[in-house]
Amino acid sequence: AFFWLVSLLLASLIWFVSVRLSDREDAKLQYGLLLFGAAVSVLLQEAFRFAYFKLLKKADEGLATISEDGRSPISLRQMAYVSGLSFGIISGIFSVINILADSIGPGIVGIHGDSPYYFITSAFLTMALVLLHTFWGVIFFDACEKRRYWCLGLVVASHLLTSGLTFLNPWYEASLVPIFIITLCTGLWAFVTAGGSFHNVLKCLSCK
Amino acid sequence: MITFMNNSDSEEEPCNERTSLMSAESPPVPSYQDGLQASEAGEAQAHRKRRTGSSRSPNNIADGDTSDSGVPARESALENEEEELTLKYGAKHVIMLFVPVTLCMIVVVATIKSVRFYTEKNGQLIYTPFSEDTPSVGQRLLNSVLNTIIMISVIVVMTVFLVLLYKYRCYKFIHGWLILSSLMLLFLFTYIYLGEVLKTYNVAMDYPTLFLVIWNFGAVGMICIHWKGPLQLQQAYLIMISALMALVFIKYLPEWSAWVILGAISIYDLMAVLCPKGPLRMLVETAQERNEPIFPALIYSSAMMWTVGMAKPDTAARGASQQTWDAAEDGRENHRSPLHADSEMSNTRSPGPTRPITSFEEPEEEERGVKLGLGDFIFYSVLVGKAAATASGDWNTTLACFVAILIGLCLTLLLLAVFKKALPALPISITFGLVFYFSTDNLVRPFMDTLAFHQLYI
């Protein structure tokens, strides 16, 4: 979570500086800058995820050397899951908590012509994003571990794609549906990466 | 008095240093004044509660008398195991500290967000005489710096006073001071708090009920904190009084002064704990030399000694009470050689050596806990509470400060495990907290707001 926050900080610094240096009145330019800021933020998030991976790897080695049987008590997969989850949680919270706080107060949604489904779609999008971060975390760490760089590239690309799709709001059919499809696919991919398979699921369901 | 006596049994702790755990305690700054000035004393006390975590490690003891017994040979062999234990218990204790700090912050933030009273400006403390309602920015800055200087010098004076009292063994005075201050916190501030909460939710309560509730709350609190009580209840009370104190600070400190004070206090903490002549360090060392626990009611400890339950006839005589409370303290005291026996304390120490070692093995693991000074709780909560109160109604800033403080605490505990001596817990956390507050408020907020406006996600 801390790492995600730092990445967010840097990204907003860049955006802020770029806004200050630009023309305030030009709406198109501002929108473009926003796009740019969001893209930079995504890239920075992934960079910090990588940095976090490096840090955890070091800690893992340290733990392994001092443990009794030479293996660390927490597996890298667990760390990947936890790191993805915490990235997701902090990202989700930052995206949604102000909306939630406002939703408690009085008001009418979409009175100025925006979509009246703002709250519910925000909720769904946040949920998708949290899940996605978790899945990306698992895939990312695994890819770094096995040095499959194309996986890494795919993760970053899908993050950029997701973020880009949200730019299509409020055309919710175009943004929400693809994002959920991406979430499902990434989920399956992460499941397979973490070692799951159809057999495992069956075994689990039949409570063997 | 009761609390001091206990635990000199630290010496019986076998010399193998499994005590790598950090008991954090930072030399308490507590200077309790007598309740002359009504509310000011309360504030003063608050400073007293500043303590930072420090750990006492068995080794750092300057006295080398412990090292004689062939420990070196053992140590090399046990080092590895110790390190592992250190890390294992270290992680556990980090979590054990996260929970109370989080709880304290949650209470403070919840109160700030719901009860209007604590965000209204109703005057200032006597410690911050300069007002911030000035026309120019420079003047305001100057006033806040002056306020800070006054506040910090009050704290320094009080700390030095307390250390002197401790050095010259005026225990009764200190104890009386502590009791008076906790009395005031538990009764007066709770009364005000309860009154404001009832006002906010428009709930009527008659005076007899109010009296009964506050009397019970305060009386049980006094007993729990200064005498014996279930560990969790005591921890809960300590959290509550830290939260109350933090709320008072948030209400009465003007804005810019609060931030400058937070910064200055972490610098002061750093110096007071690490400099050789720093008052807090002297306090810790004196307490270590005399094998006594630092004052009760000023430190939050996360574990307790289990030996109470063990059938130890000689120690049982001492009164299980002290044990429950100061459990961790003893653990930390790590054995010292009897050379340092204080005459007053010797009586408690005598049963020590007769204690069978075997019964020690098991509880040893449990008793290590980490200790964090209440002042740290207070200042962390002040930071987060101020963020909640003044950050233009934004929850992101509050959350960012919260994460920053916890990470700072983690790092401090890590350093504690590495250095194994008393460390100040304020500087790292407060620095992170301040950096994150200002940057989130000014940089991240507009960014996130603009994104949320267009419903964009990153």
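Here the structure is a predicted model, which means the values were calculated and not measured.
Within a 6.0 Å sphere centred on CD1 of A/Ile120, other residues, nucleotides and ligands contribute 12 heavy atoms or fewer. Within 6.0 Å of CZ in A/Phe36 there are 12 or fewer heavy atoms belonging to other residues, nucleotides or ligands. Annotation: A/Lys146, atom NZ; neighbour count of heavy atoms from other residues, nucleotides and ligands within 6.0 Å is above 12. For A/Tyr81, the OH atom counts as loosely surrounded, since its 6.0 Å shell holds 12 or fewer non-hydrogen atoms of other residues, nucleotides or ligands.
B/Thr450 contributes atom OG1, which lies 12.0 Å from atom OH of A/Tyr31 (distance to the nearest 0.5 angstrom). Taking CH2 of B/Trp395 as the reference point, atom CD1 of A/Ile97 lies at 6.0 Å (rounded to 0.5 Å). Considering CG of B/Asp449 and CG of A/Asn98, their distance stands at 6.5 Å, rounded to 0.5 Å. For the atom pair B/Gln455 CD and A/Ile99 CD1, the distance stands at 7.0 Å (nearest 0.5 Å).
The parts of A/Ile93 that come within reach of chain B are both its backbone and its side chain, each placing non-hydrogen atoms under 4.5 angstrom from that chain. Of the two parts of B/Ile407, only the side chain, counted from C-beta on, holds a non-hydrogen atom closer than 4.5 Å to a non-hydrogen atom of chain A.
Residues of residues 121-131 of chain A that come within less than 4.5 angstrom of chain B, heavy atom to heavy atom, are A/Thr121, A/Ser122, A/Leu125, A/Thr126, A/Leu129 in numerical order.
Listed here is the closest heavy atom pair of B/Phe436 and A/Val6: CZ-CG2, 3.9 Å. Looking at every heavy atom in both residues, A/Tyr118 comes nearest to B/Phe453 through OH-N, 4.5 Å. Here the closest heavy-atom approach between residue B/Leu399 and residue A/Phe94 is recorded as CB-CE1, 4.2 Å.
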